[in-house]
Amino acid sequence: WRLALAAEFKRASPSKGDINADLDAAKQALEYTKEGASVLSVLTEPKWFKGTLQDLQDVRTTTQRWAAQQGIPRPACLRKDFVIDEYQVLEAVAHGADTVLLMVSILSQTRLRALIAFCRTWCLEPLVEVVTVTELKVALDAGARVLGVNNRNLHTFELDKNRTAQIAEALKVTFKVRFGPAAPTKVLALSGLATPEDVAECRDISCSGVLIGETLMRAPDPGAAIRELMGGARDSKGQEGAASTAIAPALPVMPGAVVVKVCGVVKTEDALCAVAAGANLVGVIFAKSKRQASAAQATAVVGAVRKFGERSAVVEAATRDQAPSTIEGLAQRCAALRAACKRTPLVVGVFMDQPVDEVVERSAEVGVDAIQLHGAEEPNFVVELRARLPQAWVLKVVHLPPRGEGPSSDAAFDELKGRLSKYASHCDALLLDTAVKGSVSGGTGAAFDWEVARQVQDSLGIPVIVAGGLTDTNVGELVGSVQPFGVDVASGVEDAPGQKNPDKTAAYVRGAKRARTGAA
């Protein structure tokens, strides 16, 4: 991998609340160890992160036993907590830690220097966290050798992925400090890493390691997530394979990679329930519907989702010249969309046969990231929309008859292929939804024949998001058997139109993410 992986165990966080509160620390850490993690970071703070010192001890004991059985070195254990005095360092050692985190933001330079010296008397080299160039100077003056850069603003919880690069540049240019594989000073990126591209950027600026927590804690298969993020697998002796930085293709859909959308959201608490469970897309409906959101409601949802995703602006779509106007280009844009909404959930504004001026104005007013066209909009409408809102992701719905209705002949499939192909050149993703007679607004609870989605993906190579008739009880069956690019639900997780059931919403998202597919 050309850099070390510090894999983190944390049940919750101040910015996200519960992440995976019931997970067993030792079992999760063992998964990390088997995939080649060099460091196991364990949160021991009980209030905000729901961690314990027992977690740290269990992680050390379990992974040391397994490594000894395999005849390989065990990973180092890091105690991550608000360490402010020597007693906490002794606690860490007593519970199996090889190192501890020291945060410049909560320590004076005198205290930091004293704690670094105390750690070294116990043969611990502490990881010293910095957020700004000013903190970097404090850390260097205190004698820090292993620097961790927190990409998260600890006051606003917003992420700045460029912060590690900025600190690395200051280290090299302003302070003239050598760092990297052959240098005595090491730099690790500590937060906000969610995609292979994020890791590749750290590799490019000579980071010695990356710390990844939330992404692995939410992953249905932590091992697969590590292999995807780090760009390759390791063999049984921990030797790394070749790294890859390419965005994973849209098809086939690997386990846990399905894009999950929850639509018809009008309340911030429903949006937060969805994204906390792992939803990638949250839909707010601006068309006439039982789930129509007002501008104020939609703006509130956008604000809540952005805050959860630790950002303050829209996530812009991939530029058109990066993907050709073909089915292959659509697949590339779908892959880019999945990468974007894997890093941070996006908000989708849903419109149906509304004037382009209205779509543009409402989207800009509310600040949605993506636009879903749910009516009979023609390709030229999409072209004009893209010209006026080039930063917006554009999704288009293609309607199908309910299961058991309508023709199933080759001619019908060819007609569907034609409809999909004419939008493939202009959109970032396509949805298949059920059209019920007398209603084309979605949220009907009716399903179409899922075999059609399989044929579209397998025969035509067109990734599709499946909507219509999905619930928390059947989404796993769909994902496991058809392996769609994405899934979309509205009425299937509601107690009433616009009132999401939190248990059903969470079960739907997790059911989709944890479904076992045939892809491997």
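All values derive from a computational prediction rather than experimental measurement. Any value given below was found using the heavy atoms of this structure, including those in side chains, with hydrogens, waters and symmetry copies removed.
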Undergrad: Could you tell me if the side chain of V366 sits less than 4.5 Å from the side chain of R362, heavy atoms only?
TA: yes

Undergrad: What's the shortest heavy-atom distance between C263 and D488, and which atoms?
TA: CB-OD1, 3.5 Å

Undergrad: Ion pair present between D22 and R11, side-chain N to carboxylate O less than 4.0 angstrom?
TA: no

Undergrad: Measure the spacing between CZ of R388 and CZ of R386 and express it to the nearest 0.5 Å.
TA: 15.0 Å

Undergrad: Do L102 and V104 come close enough that some side-chain heavy atom pair is under 4.5 Å?
TA: no

Undergrad: With a 4.5 Å cut-off on side-chain heavy atoms, are E129 and L147 touching?
TA: no

Undergrad: For A200, does its backbone N or O pair with a side-chain atom of E197 as donor and acceptor, under 3.5 Å?
TA: no

Undergrad: Parallel, tilted or perpendicular: which describes the rings of H399 and H374, with under 30° parallel and over 60° perpendicular?
TA: perpendicular

Undergrad: Looking at every heavy atom in both N474 and T471, which two are closest together, and how far apart are they?
TA: OD1-N, 2.8 Å

Undergrad: Evaluate the side chain to side chain contact (heavy atoms under 4.5 Å, CB included) criterion for residues L395 and L430: first the C-alpha distance (whole Å), next the side-chain angles of each, then the deciding distance (0.1 Å), finally the verdict.
TA: CA-CA 6 Å; L395 292 68; L430 298 175; over 6 Å; no

Undergrad: Salt bridge or not between R514 and D221? Use side-chain N to carboxylate O under 4.0 Å.
TA: no

Undergrad: Rounded at 0.5 Å granularity, tell me how far CD in E384 sits from CD in E377.
TA: 12.0 Å

Undergrad: Find out whether V266 and V301 are in side-chain contact, i.e. whether some heavy atom of one side chain is under 4.5 Å from a heavy atom of the other.
TA: no

Undergrad: Salt-bridged, K50 to D18, with N to O below 4.0 Å?
TA: yes

Undergrad: Mind checking whether L478 and L470 have side chains closer than 4.5 Å, heavy atoms only?
TA: yes

Undergrad: How long is the straight-line distance from CD of E31 back to CG of L216, given to the nearest 0.5 Å?
TA: 11.0 Å

Undergrad: Between R338, K513, K342, which is the residue that forms a side-chain hydrogen bond (donor to acceptor under 3.5 Å, both in side chains) with N280?
TA: K513

Undergrad: Please answer whether the main-chain N or O of A424 pairs with a side-chain N or O of R333 as donor and acceptor at a distance below 3.5 Å.
TA: yes

Undergrad: Taking 4.0 angstrom as the limit, do E214 and R218 come out as a salt bridge?
TA: yes

Undergrad: Using 0.5 Å steps for rounding, measure from the CG atom of L373 to the SG atom of C427.
TA: 7.0 Å

Undergrad: Dump the intermediate steps for side chain to side chain contact (heavy atoms under 4.5 Å, CB included) on F286 and E358, then the final yes or no.
TA: CA-CA 10 Å; F286 297 117; E358 181 180 345; 5.9 Å; no

Undergrad: Checking the side chain of T434 only, and the main-chain atoms of F448 only, is there a donor and an acceptor separated by less than 3.5 Å?
TA: yes

Undergrad: Where do A271 and V282 come nearest, in terms of heavy atoms and distance?
TA: CB-CG1, 4.2 Å

Undergrad: Short question: side chain of E135, backbone of V131 - any donor-acceptor pair under 3.5 Å?
TA: yes

Undergrad: Work out which heavy atom in A279 is nearest to a heavy atom in V262; give both atom names and the distance.
TA: CB-CG2, 4.3 Å

Undergrad: Where do K261 and Q372 land on the side-chain hydrogen bond (donor to acceptor under 3.5 Å, both in side chains) test, with the steps shown first?
TA: CA-CA 12 Å; K261 178 170 175 272; Q372 177 177 315; 2.9 Å; yes

Undergrad: Could you check V314, L281, L346 and say which one makes a side chain to side chain contact (heavy atoms under 4.5 Å, CB included) with W393?
TA: L346

Undergrad: Distance check, rounded to the nearest 0.5 Å: I212 atom CD1 versus L229 atom CG?
TA: 4.5 Å

Undergrad: What's the verdict on salt bridge (Lys or Arg N to Asp or Glu O under 4.0 Å) for R311 and D369, showing C-alpha distance, side-chain angles and the deciding distance?
TA: CA-CA 12 Å; R311 60 186 174 98; D369 303 288; 2.9 Å; yes

Undergrad: Under the 3.5 angstrom rule, does the side chain of Q457 hit a backbone N or O of V464 as a donor-acceptor pair?
TA: yes

Undergrad: Does this structure show an ion pair linking K422 with E378, if we count only N-O contacts that are shorter than 4.0 Å?
TA: yes

Undergrad: Does the side chain to side chain contact (heavy atoms under 4.5 Å, CB included) test come out yes or no for F49 and S13, once each step is laid out?
TA: CA-CA 5 Å; F49 296 93; S13 76; 4.0 Å; yes

Undergrad: Give a yes or no on whether the backbone of V482 and the side-chain of R454 come within a donor-acceptor separation of less than 3.5 Å.
TA: no

Undergrad: Can you check whether K500 reaches C273 side chain to side chain, under 4.5 Å on heavy atoms?
TA: no

Undergrad: Quick one, I84 and L107 - any side-chain contact, counting heavy atoms below 4.5 Å?
TA: yes

Undergrad: Please find the pair of heavy atoms, one from I167 and one from V130, that lie closest to each other, and give the distance.
TA: CG2-CG2, 4.3 Å

Undergrad: Give the minimum heavy-atom separation between G375 and K396, together with the two atoms involved.
TA: O-NZ, 2.8 Å

Undergrad: Could you tell me whether a side-chain N or O of N151 sits under 3.5 Å from a main-chain N or O of T164, the two making a donor and an acceptor?
TA: yes

Undergrad: Might you work through the side chain to side chain contact (heavy atoms under 4.5 Å, CB included) test for K10 and I19, ending with a clear yes or no?
TA: CA-CA 8 Å; K10 60 178 180 181; I19 296 171; 4.0 Å; yes

Undergrad: Determine yes or no for a side-chain-to-main-chain donor-acceptor pair under 3.5 angstrom, with D353 supplying the side chain and A376 the backbone.
TA: yes

Undergrad: Is it true that E494 and R291 have a side-chain N and a carboxylate O under 4.0 angstrom from each other?
TA: yes

Undergrad: Quick one, L78 and V42 - any side-chain contact, counting heavy atoms below 4.5 Å?
TA: no

Undergrad: If I take atom CG from residue L159 and atom OG1 from residue T344, how far apart are they, to the nearest 0.5 angstrom?
TA: 8.0 Å

Undergrad: Can you tell whether the side chains of K161 and D198 come within less than 4.0 Å, N to carboxylate O?
TA: yes

Undergrad: Is a donor on one side and an acceptor on the other found under 3.5 Å between the side chain of Q483 and the backbone of F485?
TA: no

Undergrad: Ignoring hydrogens and geometry, is there a side-chain-to-backbone donor-acceptor pair from Y508 to V475 under 3.5 Å?
TA: no

